[in-house]
Structures are given as C-alpha cells and as structure tokens.
Chemist: 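Handing you this structure, nothing more for now.
On a predicted model such as this, the values are computed, not experimentally measured, just so you know.
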Amino acid sequence: MATSYWLHNVRLETGFRHENGHVAQTETALANLLIADGQIEAVSFEAIPAGDQRPKRDAKGMLLLPAFRDAHIHLDKTYYGGPWQAVKPARSIFDRIEEEKMLLPKLLPVAVDRAKQIIELLLGHGSTHLRGHVNIEPTSGLRGLEVAQEALAAYVGKLGYELVAFPQHGLLRSDSIGLVRQAIEMGATHVGGLDPTSVDGDLERSLHAMMELAVETGAGIDMHLHEQGEAGYATMNRLADMTIDAGWQGRVTVSHAFGFASGTAAQSEQLAERFAEAGISIASTVPIGRLVMPIPMLHSKGVRVELGTDSLTDHWSPFGNGDNLEKAGRLAEAYGMSDEYSLSRALRFITGGVLPLNDQGQRVWPAVGDDASAVLVQASCSAEAVARRAPRIAALHRGNPASGNL
C-alpha cells in the first residue's frame, strides 16, 4: 500500500452560518487531503496539481469526521456470533458472577472468533480505537487477555486499542491481585476494579490495592463502579483523593459511575469538580430507564466523558450493537440536543473530544500534522450525522483503510 496518497473530493466542515444569533446551518466545502505515513500532510481546497503522480482515493463527496472511539467494550465473553440468548433472571450481581463461573469455560473455546466479529462490527460502524475490558479472575485466569490479544493481532494497522485487566469477580473477593499484575506484565494497559464496597466489602483496601497495582506497574486505571447513593459518592471522592496523592491525574477512568445519577444536583456538581481537578474521566453507555446520568453537567465542569458499548449481547445485557454514532444520537435525544449547534457538539463524546469545528465555528480538524484517522459518512454535516445515525461509508486508521470501500 502506498505510504502517500491523496484523499480527494472529500467534504469538510468549514464554519457555521448564523441566523438571529443562533447557528442555523453548518457550511462545508470539498477538499483534497494529502496523507503520508499515517498523518495529514496537506489540506487543500484547490485542485490537485496536474503533474502530481501520487495515488488518489475518491471520497465521492462524503463527509469526513474524526474517527470514533469505543471507550468501553467487553471482548472476551460474548454471545455475539453465536445462537441468540436473552439474559436470564438474576437477583444480584453475585448471582450473575456465579452464572459467569459456569459460562466462561463454555465461551472461551469460541472467544477468539467472536472477539474478531465484534472488532469487525466496530470497524464497520467507524470505531477505529477501542478500550477492551477482559476478565482476569481465577475461573478464566489470563485467558481473557490472551483471547483479546490474539483477536486484535489480526487487525494490525486497522485500529488502536487499550486493554483493561478487569477483576469481574472482585479484586479482593476473588483474590485476583496477582493475576491482574501478571496481566499488566503481559500487555494489559489498565488496572481494573469493581464496586469496592458492595462486591469487595472493603472500600479502603480495594481502592488501595487497585491504585498500588497501577503505580507499581505504571498502568492506568479503569474501574467499573455501579454503586449508587452514599457508597457511590464515598468511593468516587476517595478515588479522587488517591488519584491526586499518587500523581495519577489524567490516568484514571470510572466506567458507568452511576452514583452521579443518584445524588442531589449540588452533590453531583461538587463531585464533578473534584473529578475535573483529579483528571478522572468517565466512560458511559448513556443508560436509559430510571438512571439519568448528568452528562452535560459533567462536561460543563471539565470532566471528560466518552461513550462505549459495554456488553455486546452477553449474559449481562442483550442490548449492545457496537454503534457509537447511535450512542451519540441517543445522548442528543436524552438531553434535548436537537438544534444544529448542540447536535454537532454531541459528536465529541465519541471522538476523544475532537471536532471539525471548535465552539466558535472555526475549522480546526483535520489539520496538517494530525493523525489520519477518520470516518467517511453519508451526511451533509456532523449535526445530521448524529441525528440521523448516518451510514458509514469507510474508515481510516492512521491513513490505512480500516473498513468500507475507498
């Protein structure tokens, strides 16, 4: 494959058009991008010079958006690619854990093939970066990590990834500290954790063990936290303390963080300010039902929020579809983001914060020197792509075609 080529006839957002003081429309223009060695080398709104002999890939007027990121997905224990199975009733998370102990030995023999099918699905939806969570516990040992690594090895050059060593059965409860340490040594990038009060039974010991593992190995942290009410707030406040004390700002994520949906507005805002100070991000699935996460408030306070699939049809949930643009659209619907401006801003939650236009409407992406990772969609602008869940035509990862026809 050529290391340098033109992506031509591609639609880029160039600014906002205002009416009565409000953004009424997003303006676009056709452009040509020179891509070399995985980066954007030139952005031109002029014709490609006639004598330029570098290969050309025709975007056919499709809109270019920053590549999507799936911030939270389980790769190693899915029903996806196998026979349909709905979730069986369970009284508690402990029932679900016991069910999993029986299921994992049956799922692991087919896990690599199913993980590959998940990756194909994500790529087809435009996500070329994922953070995968893999079980690390006595039942499956390190096999979940090995499954993910084997599957991902088949997609070198097509996506970027991080892997979280996730003690699904409780870091302390299942005595998995040693296994998590081994997983980091084998290439996992983040130490995981789970509900330190309700599952591990000891908030301080659980959080300390997780943080000590991270500092010892130099890894990031991504903790599942479903706890609500007093337990949820106590855990998140203590985690903020530990993050600052350890100097781990910008390296900690709380997945779900449902406690934010259970407190008062004042409690949530105060905790959000602490998360911003500690550089703690949140990975959310935009839950629907009785939980309403205050995502707009979190963003306004400076907390980085990213969206993810979580489970893709497994024994925990049958609902995931691997489409993060659909998640952004759901977020926009849930929080009344229906005008041109706010719809365009909703895209940031699935692109790592990258937007074609900044909040003032100036074109900031793609720019010379940027990573050439992007997705082509059949839409006139970001707002339409989010609202209509626009068809994905092709995706690029560092200049390499990752999915679709280009």
Chemist: Please tabulate, for side-chain N and O atoms in residues 364-371, each donor-acceptor pair with protein atoms closer than 3.5 Å (sequence neighbours left out).
Modeler:
unit_1: D370; atom_1: OD2; unit_2: A367; atom_2: N; d: 2.8
unit_1: D371; atom_1: OD1; unit_2: S373; atom_2: N; d: 3.3
unit_1: D371; atom_1: OD1; unit_2: S373; atom_2: OG; d: 2.7

Chemist: Under the salt bridge (charged side-chain N to carboxylate O under 4.0 Å, His left out) test, which residues partner K56, sequence neighbours left out?
Modeler: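 Scan of K56 (salt bridge (charged side-chain N to carboxylate O under 4.0 Å, His left out), adjacent residues dropped) gives none.
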Chemist: Would you find more than 12 non-hydrogen atoms of other residues, nucleotides or ligands less than 6.0 Å from Q360 atom CD?
Modeler: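 Atom CD in Q360 is packed in, count exceeds 12.
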Chemist: Tell me if the CG atom of D175 is crowded by more than 12 foreign heavy atoms within 6.0 Å.
Modeler: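 No.
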Chemist: Which atoms form the tightest heavy-atom contact between V147 and A115, and what is the distance?
Modeler: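 Closest approach of V147 to A115: CG1-CB, 4.4 Å.
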Chemist: I'd like to know whether E162 forms a salt bridge (charged side-chain N to carboxylate O under 4.0 Å, His left out) with R251, so could you lay out the CA-CA distance, the side-chain angles of the two residues, the decisive distance to 0.1 Å, and finally the verdict.
Modeler: CA-CA 12 Å; E162 302 157 292; R251 305 184 66 181; over 6 Å; no
Chemist: Answer yes or no: does atom CD of E98 have more than 12 heavy-atom neighbours from other residues, nucleotides or ligands under 6.0 Å?
Modeler: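 More than 12 heavy atoms, drawn from other residues, nucleotides or ligands, come within 6.0 Å of this atom.
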Chemist: When you measure from the side chain of D195 to the backbone of S198, do you find a donor-acceptor pair of N or O atoms at a distance under 3.5 Å?
Modeler: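 Checked: no pair found.
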Chemist: For T197, is there any backbone N or O sitting under 3.5 Å from a side-chain donor or acceptor partner on E227?
Modeler: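 Judged by distance alone, yes, a pair lies under 3.5 Å.
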Chemist: Could you check whether atom CZ of F94 has more than 12 heavy atoms from other residues, nucleotides or ligands sitting under 6.0 Å from it?
Modeler: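 Count over threshold, so yes.
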Chemist: Can you measure from OG1 (T309) to CD (E326) and round to the nearest 0.5 angstrom?
Modeler: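 Spacing of OG1 (T309) from CD (E326) equals 9.5 Å.
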Chemist: Starting from the C-alpha separation in whole Å, work towards a yes-or-no answer on salt bridge (charged side-chain N to carboxylate O under 4.0 Å, His left out) for D323 and R392.
Modeler: CA-CA 10 Å; D323 187 347; R392 272 40 55 91; 2.8 Å; yes
Chemist: So, R304 side chain and G302 main chain: donor-acceptor pair closer than 3.5 Å or not?
Modeler: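 Such a contact is absent between R304 side chain and G302 backbone.
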Chemist: Could you give the distance from NZ (K301) to CZ (F275), rounded to the nearest 0.5 Å?
Modeler: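 Nearest 0.5 Å value for the NZ-CZ distance: 14.5 Å.
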Chemist: Would you indicate whether the side-chain heavy atoms of P196 and L225 approach each other to under 4.5 Å?
Modeler: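 Yes, side chains in contact.
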Chemist: With heavy-atom distances below 4.5 Å as the criterion, would you say the side chains of L325 and V375 are in contact?
Modeler: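 Not in contact.
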Chemist: CZ of R96: more than 12 outside heavy atoms within 6.0 angstrom?
Modeler: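 Buried by this count: over 12 neighbours within 6.0 Å.
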Chemist: Could you state the interatomic distance from NE2 (H224) to NE2 (H74), rounded to the nearest 0.5 Å?
Modeler: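 So the NE2 of H224 and the NE2 of H74 are separated by 3.5 Å.
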Chemist: For L357 and R345, run side-chain contact (heavy atoms from CB on, under 4.5 Å): C-alpha distance rounded to whole Å, both residues' side-chain angles, the deciding distance at 0.1 Å, then the answer.
Modeler: CA-CA 9 Å; L357 304 177; R345 304 300 88 184; 4.0 Å; yes
Chemist: If every non-hydrogen atom of N400 is compared with every non-hydrogen atom of G157, which pair is closest and at what distance?
Modeler: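 Result for this residue pair: ND2-O, 3.2 Å.
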Chemist: Might you point out which heavy atoms bring L123 and A402 nearest each other, and give the distance in Å?
Modeler: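 Smallest interatomic distance, heavy atoms only, reads CD1-O, 3.9 Å.
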Chemist: Between L152 and I119, is there a side-chain heavy-atom distance shorter than 4.5 Å?
Modeler: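 SC-SC contact between I119 and L152 confirmed.
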Chemist: Quick check: do R173 and I97 have side-chain heavy atoms less than 4.5 Å from each other?
Modeler: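 Answer yes - side chains close enough.
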Chemist: Just checking F68 against H125, ring centres under 6.0 Å apart?
Modeler: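 No, too far apart.
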Chemist: Taking everything shown except R238 itself, do over 12 heavy atoms lie less than 6.0 Å from its CZ?
Modeler: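 Atom CZ in R238 is crowded, with more than 12 foreign heavy atoms closer than 6.0 Å.
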Chemist: Does a sphere of radius 6.0 Å around CD in Q85 hold more than 12 heavy atoms from other residues, nucleotides or ligands, not counting ones at 6.0 Å or beyond?
Modeler: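 Yes, because the 6.0 Å sphere around CD of Q85 holds more than 12 heavy atoms from other groups.
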Chemist: To the nearest 0.5 Å, what is the distance between CD1 (I295) and CE (M337)?
Modeler: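 Answer for the CD1-CE pair, I295 versus M337, is 9.5 Å.
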Chemist: Kindly say whether G322 contributes a backbone atom to a donor-acceptor pair with the side chain of D70 at under 3.5 angstrom?
Modeler: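 Side chain of D70 to backbone of G322, a donor-acceptor pair under 3.5 Å: no, none is there.
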Chemist: Could you list the residues that satisfy side chain to side chain donor-acceptor pair (under 3.5 Å) with Y155, not counting sequence neighbours?
Modeler: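 If we apply the side chain to side chain donor-acceptor pair (under 3.5 Å) test to Y155, skipping adjacent residues, the hits are E120.
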Chemist: I'd like to check I136 versus P167 (side-chain heavy atoms, cut-off strictly below 4.5 Å). Are they in contact?
Modeler: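 No; the side chains remain at least 4.5 Å from each other.
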Chemist: Roughly how far apart are N324 CG and L347 CG, rounded to 0.5 Å?
Modeler: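 Between atom CG of N324 and atom CG of L347 there are 10.5 Å.
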Chemist: What pair of heavy atoms forms the shortest contact from G61 to L30, and how long is it?
Modeler: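 Nearest heavy atoms, G61 then L30: CA-CD2, 3.9 Å.
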Chemist: Is any side-chain heavy atom of L7 less than 4.5 Å from a side-chain heavy atom of L64?
Modeler: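 Of all side-chain heavy-atom pairs linking L64 with L7, at least one is under 4.5 Å.
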Chemist: Less than 4.5 Å apart, side chain to side chain, heavy atoms only: is that true for Y79 and L103?
Modeler: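 The answer is yes; the side chains approach within 4.5 Å.
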Chemist: Could you tell me whether the side chain of L130 reaches within less than 4.5 Å of the side chain of I118, counting heavy atoms only?
Modeler: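 SC-SC contact between I118 and L130 ruled out.
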Chemist: Test your reading of the model: is there a side-chain donor-acceptor pair from W316 to the backbone of V87, 3.5 Å cut-off?
Modeler: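 No.
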Chemist: Output a table of donor-acceptor pairs, distance under 3.5 Å, between side-chain atoms of residues 138-146 and any protein atom two or more places apart or on a different chain; print 'none' if there are none.
Modeler:
unit_1: S140; atom_1: OG; unit_2: E137; atom_2: OE1; d: 3.4
unit_1: S140; atom_1: OG; unit_2: E137; atom_2: OE2; d: 2.4

Chemist: A quick test of your reading: do over 12 heavy atoms of other residues, nucleotides or ligands sit less than 6.0 Å from CG of N358?
Modeler: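 Above 12, so yes.
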Chemist: Give the table of side-chain donor-acceptor pairs shorter than 3.5 Å for residues 255-268, with sequence neighbours excluded, one pair per line with atom names and distance.
Modeler:
unit_1: S255; atom_1: OG; unit_2: H72; atom_2: ND1; d: 2.8
unit_1: S255; atom_1: OG; unit_2: D222; atom_2: OD1; d: 2.6
unit_1: S262; atom_1: OG; unit_2: G229; atom_2: N; d: 2.8
unit_1: S262; atom_1: OG; unit_2: G259; atom_2: O; d: 2.8
unit_1: T264; atom_1: OG1; unit_2: Q267; atom_2: N; d: 3.1
unit_1: T264; atom_1: OG1; unit_2: Q267; atom_2: OE1; d: 3.4
unit_1: Q267; atom_1: OE1; unit_2: T264; atom_2: N; d: 2.9
unit_1: S268; atom_1: OG; unit_2: Y233; atom_2: OH; d: 2.8
unit_1: S268; atom_1: OG; unit_2: F260; atom_2: O; d: 3.2
unit_1: S268; atom_1: OG; unit_2: T264; atom_2: O; d: 3.3

Chemist: Got a donor-acceptor contact below 3.5 angstrom from the S311 side chain to the S317 backbone?
Modeler: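 No, S311 side chain to S317 backbone: no donor-acceptor pair under 3.5 Å.
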Chemist: Could you tell me whether the side chain of T189 and the main chain of L163 form a donor-acceptor pair under 3.5 Å?
Modeler: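 Indeed, once roles are kept as given, a pair shorter than 3.5 Å links the two residues.
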Chemist: Can you tell me if E269 uses its side chain to pair, donor with acceptor, with the backbone of M297 under 3.5 Å?
Modeler: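 Absent.
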Chemist: Could you tell me which non-hydrogen atom of L406 sits nearest to which non-hydrogen atom of A394, and how far apart they are?
Modeler: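 That would be CB-CB, 4.1 Å.
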Chemist: Would you name the heavy atoms of F166 and G193 that are closest together and state the gap between them?
Modeler: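 In this case the closest contact between F166 and G193 is CE1-O, 3.6 Å.
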Chemist: Would the distance check show the side chain of S344 and the main-chain N or O of S382 forming a donor-acceptor pair, the cut-off being under 3.5 Å?
Modeler: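 Flag not set: sc S344 to bb S382 has no pair under 3.5 Å.
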Chemist: Give a yes or no on whether the backbone of N9 and the side-chain of N32 come within a donor-acceptor separation of less than 3.5 Å.
Modeler: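 Pair found, side chain donor or acceptor close to backbone of N9.
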Chemist: Under 4.0 Å between a side-chain nitrogen and a carboxylate oxygen: does that hold for E216 and R181?
Modeler: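 Here E216 pairs with R181 in a salt bridge, since their nearest N and O are under 4.0 Å apart.
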Chemist: State which residues pass salt bridge (charged side-chain N to carboxylate O under 4.0 Å, His left out) with K77; sequence neighbours excluded, sorted by chain then number.
Modeler: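 In terms of salt bridge (charged side-chain N to carboxylate O under 4.0 Å, His left out), with neighbours along the sequence ignored, K77 is linked to E100.
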Chemist: Run H190 and R131 through side-chain hydrogen bond (donor to acceptor under 3.5 Å, both in side chains) and show every step you take.
Modeler: CA-CA 9 Å; H190 288 68; R131 180 176 289 184; 3.2 Å; yes
Chemist: Step by step, would you call R114 with T78 a side-chain hydrogen bond (donor to acceptor under 3.5 Å, both in side chains)?
Modeler: CA-CA 7 Å; R114 291 186 180 182; T78 181; over 6 Å; no
Chemist: Taking atom CD1 of I221 and atom OG1 of T243, what is their separation to the nearest 0.5 Å?
Modeler: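 Here the interatomic distance stands at 6.0 Å.
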